[in-house]
Asks: 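Before I ask anything, let me first share the structure, which is written out below as structure tokens.
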Amino acid sequence: MSSTSVQACLRNYNMVKYYFQCVNCNQKLDGDEFHYLCPYCAKDNQPGMPPKGILWMKYDYGHAPKTSAFELLQQLLPIQDERSYPPLKVGDTPLYSFQKMNAKELDFDLLIKDDSQNPSYSFKDRASALVSAFAKEKGISTIITASTGNAGSSLACICASQNQKAIILLPESAPVAKLIQVEMYGAELQKIAGNYDLAFDISVELSKAKAWFNRNTAYNPLTIEGKKSVSFEIFDQMKGQIPDMVFVPVGDGVILSAVYKGFEDLLFSGFIDKIPQVCAVQAKGSSNLIDNLNTEQLRFPSSSTLADSIAVDIPRNFYMAKHYLKKYKGDAIIVSDDEIMKASSQMASQFGLFAEPASATAFAGFIKSHHNGEMIKGSQILVLHTGSGLKDVSSAQNYLH
Ligand SMILES: *Cc1c(COP(=O)(O)O)cnc(C)c1O
């Protein structure tokens with residue numbers, strides 16, 4: 001899909017007007033000014049609890065173009081000029097279709113969307129590209145982010161290509177490949193002697209004090225907007241169809257929400273008439289998003305899983321993810337670290353796709369659901385592959401030996 005790729009079509013002329021809307025109180029905020037969080041809800045946020053006041057960007061769908069999904073996407077993003085995007089190829093990733101597994105014919109289509117083929121080798125580049133383009137149009141040249149690894153290496157990569165300065169706050173425990181990426185891309189790396197939450201708080205203070213743009217996941221609503229492009233691409237690559245099921249690995253719940261948001265944009269604009277069944281997959285040692293879906297009394301025990309990119313104590317996009325999973329009756333699946341590594345090995349040996357543990361989590365969810373006989377004959381089952389296995393070879397090494 002080279003000539004009509006989503007990224008190539010991001011030429012924006014008269015973008016549809018947008019506003020911000022709070023996930024918790026539904027307050028609308030004018031799009032002429034940029035907002036991170038809803039000022040009404042955010043002021044009561046407690047440490048140790050998921051933040052309230054995460055914002056959606058919403059559009060006047062009545063004025064959205066009805067011609068093609070590409071034109072629609074270009075209008076439903078807050079960028080004026082396509083030249084603001086990085087020169088690197090972000091998104092427009094392969095969608096593979098497999099009919100066999102373990103030498104057996106499958107009676108459904110298994111589709112794998114390979115987002116390890118992004119410039120920094122993870123799905124995070126979709127968000128970083130939009131954040132970077134937006135900052136460029138607003139004349140901001142320094143972008144900061146807290147990260148467990150991939151968001152940081154992604155922002156460092158994208159900023160390198162855009163002559164922007166990236167400041168990356170990572171916990172010392174991040175896998176070495178992700179730390180090395182940040183440094184090789186020439187970003188300023190600050191290792192934090194503490195966890196992601198501490199890095200997050202420091203980055204927010206720094207961005208306020210210095211007027212830097214902040215890319216923190218969910219906190220910056222553009223991270224959700226940037227990632228939604230995957231749903232438009234899937235729709236296009238499936239020639240105007242949508243999958244029956246989509247398996248998504250979940251940490252903070254931004255990718256999950258963005259997948260839904262993209263399909264909702266298509267639904268509200270009349271391109272599709274239903275939303276696919278989405279399956280949120282988490283690692284057993286880090287399942288706080290799923291575990292709190294049906295309780296009033298929220299609890300957030302600390303996480304422990306080798307899938308570092310989805311090792312999250314407090315899911316930052318909890319309320320939005322919950323909203324979507326309830327609204328569209330999504331599924332939730334929890335898999336063990338052992339199942340994750342088996343899934344990673346199976347993806348690599350069966351299909352030639354080497355996934356880091358967080359990414360293989362989605363495939364492990366698919367395997368589990370397949371074992372339970374949940375795949376309908378003739379259906380289209382899509383699994384997101386979100387990050388390259390080379391980002392964390394030590395987990396694979398431990399699995400092999
Ligand atoms: C960040 C990440 C995820 C999870 O995304 P969330 O938005 O935090 O739920 C999954 N896989 C990889 C490789 C990631 O880097």
Side-chain angles (χ1 to χ4, degrees), residues 50-51 54 93 112-128 145-157 170 174-175 177-178 181-182 196-197 200 215-228 230 246-262 278-283 286-290 303 305-322 324-325 330 332-333 335 340 343-344 347 353-365 383-392 395:
I54 303 288
T93 56
I112 302 182
K113 179 75 171 153
D114 183 6
D115 257 59
S116 72
Q117 297 298 310
N118 275 304
S120 81
Y121 317 106
S122 90
F123 196 100
K124 298 285 190 291
D125 290 338
R126 292 180 184 270
S128 300
T145 197
S147 166
T148 58
N150 281 341
S153 51
S154 167
L155 184 66
C157 167
L170 286 179
K178 300 178 184 182
Q181 274 187 293
V182 170
Y196 173 73
D197 293 306
F200 190 100
R215 183 220 177 273
N216 285 1
T217 194
Y219 174 73
N220 186 327
L222 295 168
T223 54
I224 302 154
E225 283 307 283
K227 290 177 174 182
K228 77 180 182 184
V230 73
V246 182
F247 288 83
V248 183
V250 174
D252 282 306
V254 174
I255 297 180
L256 178 83
S257 301
V259 165
Y260 272 121
K261 177 89 171 20
V278 175
C279 304
V281 192
Q282 288 205 288
S286 179
S287 55
N288 283 345
L289 195 147
I290 290 176
S303 60
T305 167
L306 52 72
D308 64 286
S309 305
I310 50 170
V312 163
D313 294 351
I314 301 154
R316 296 274 159 182
N317 210 25
F318 174 70
Y319 291 105
M320 191 185 288
K322 179 176 171 177
Y324 281 122
L325 288 169
I333 301 174
V335 292
I340 292 170
S344 177
M347 266 177 90
L353 297 170
F354 185 22
E356 69 166 276
S359 175
T361 300
F363 196 75
V383 180
L384 284 188
H385 170 20
T386 51
S388 164
L390 292 178
K391 281 176 168 278
D392 180 13
S395 292

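Remember, it's 1-based here, ligands and their atoms both numbered in the order they're listed. Just so you know, these numbers use all the heavy atoms, side chains as well, and skip hydrogens, waters and symmetry mates. Nothing here was measured: the structure is a model prediction, and the numbers come from that model.
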Asks: Heavy atom of Ile255 under 4.0 Å from ligand 1?
Replies: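 True for this residue.
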Asks: Please say whether Lys124 places an N or O atom under 3.5 Å from an N or O atom belonging to ligand 1.
Replies: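 By distance alone, the answer is yes.
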Asks: In this structure, does ligand 1 have an atom that sits under 4.0 Å from one of the heavy atoms of Arg316?
Replies: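 In this structure, Arg316 fails to qualify as a contact of ligand 1 - no heavy atom is under 4.0 Å.
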Asks: From the options Thr386, Asn150, Thr361, select the one residue that forms a side chain to side chain donor-acceptor pair (under 3.5 Å) with Glu356.
Replies: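 Testing Glu356 for a side chain to side chain donor-acceptor pair (under 3.5 Å) against Thr386, Asn150, Thr361 leaves exactly one candidate, Asn150.
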Asks: Mark yes or no: Arg316 above the aromatic ring of Phe200, with NZ or CZ under 6.0 Å from the six-membered ring centre and no more than 45 degrees from the axis.
Replies: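 Satisfied, under 6.0 Å and within 45°.
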Asks: In ligand 1, which numbered atoms sit nearer than 4.0 Å to a non-hydrogen atom of Gly251?
Replies: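 Answer for ligand 1: 4 (C), 6 (P), 8 (O), 9 (O).
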Asks: Does Ser344 reach the main-chain N or O of Pro357 with its side chain, forming a donor-acceptor pair under 3.5 Å?
Replies: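 Not a single qualifying donor-acceptor pair exists.
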Asks: Considering only non-hydrogen protein atoms, determine which one is nearest to atom 4 (C) of ligand 1 and report residue, atom name and distance to 0.1 Å.
Replies: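 Answer, as residue, atom name and distance: Ile310 CG2, 3.5 Å.
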Asks: Any donor-acceptor pair under 3.5 Å linking the side chain of Asp125 with the backbone of Ser120?
Replies: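 Side chain of Asp125 to backbone of Ser120: a pair is present.
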Asks: Strictly distance-based, threshold 3.5 Å: is any side-chain N or O of Thr223 a donor or acceptor partner for the main-chain N or O of Asn220?
Replies: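 Looks like yes, one N/O pair under 3.5 Å.
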Asks: Residue-level breakdown please: for Asp252 versus ligand 1, do any non-hydrogen atoms fall below 4.0 Å on the side chain, on the backbone, on both, or on neither?
Replies: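 Under 4.0 Å from ligand 1, Asp252 contributes backbone and side-chain atoms.
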Asks: Which ligand 1 atoms, with their elements, are less than 4.0 angstrom from a heavy-atom of Lys227?
Replies: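 In order of number, 7 (O).
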Asks: Is it true that a side-chain atom of Asp252 and a backbone atom of Asn317 form a donor plus acceptor pair closer than 3.5 Å?
Replies: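 Answer holds: no.
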Asks: Between Val312 and Tyr196, is a side chain to side chain contact (heavy atoms under 4.5 Å, CB included) present by the stated rule, with each step listed?
Replies: CA-CA 8 Å; Val312 163; Tyr196 173 73; over 6 Å; no
Asks: Just by modelled atom types, is the Lys124 backbone N or O under 3.5 Å from a matching donor or acceptor in the Ser122 side chain?
Replies: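 Side chain of Ser122 to backbone of Lys124: a pair is present.
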Asks: Flag the pair Tyr219 / Pro51 as yes when at least one side-chain heavy-atom distance between them is below 4.5 Å, and no otherwise.
Replies: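 With C-beta onward as the side chain, the pair stays apart.
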Asks: Could you tell me the residue and atom name of the protein heavy atom closest to atom 11 (N) of ligand 1, and the distance to it rounded to 0.1 Å?
Replies: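 Result: Thr386 OG1, 2.7 Å.
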Asks: Specify side chain, backbone, both or neither for Asn150, according to which of its non-hydrogen atoms lie closer than 4.0 Å to ligand 1.
Replies: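 It is the side chain that gets close, since no backbone atom is under 4.0 Å.
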Asks: Ala358 to ligand 1: N or O pair under 3.5 Å?
Replies: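 No; every N/O pair is 3.5 Å or more apart.
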Asks: Return yes or no for this condition: an N or O of Gly387 is under 3.5 Å from an N or O of ligand 1.
Replies: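 In fact, backbone or side chain, Gly387 has no N or O that close.
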Asks: Heavy-atom contacts with Val250 under 4.0 Å: which atoms of ligand 1 show up? List them by number with element.
Replies: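 Taking each heavy atom of Val250 in turn, ligand 1 has 9 (O) under 4.0 Å.
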Asks: For ligand 1, which atoms have a heavy atom of Ser309 less than 4.0 angstrom away?
Replies: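 Counting atoms of ligand 1 from 1, those under 4.0 Å from Ser309 are 1 (C), 2 (C), 12 (C), 14 (C), 15 (O).
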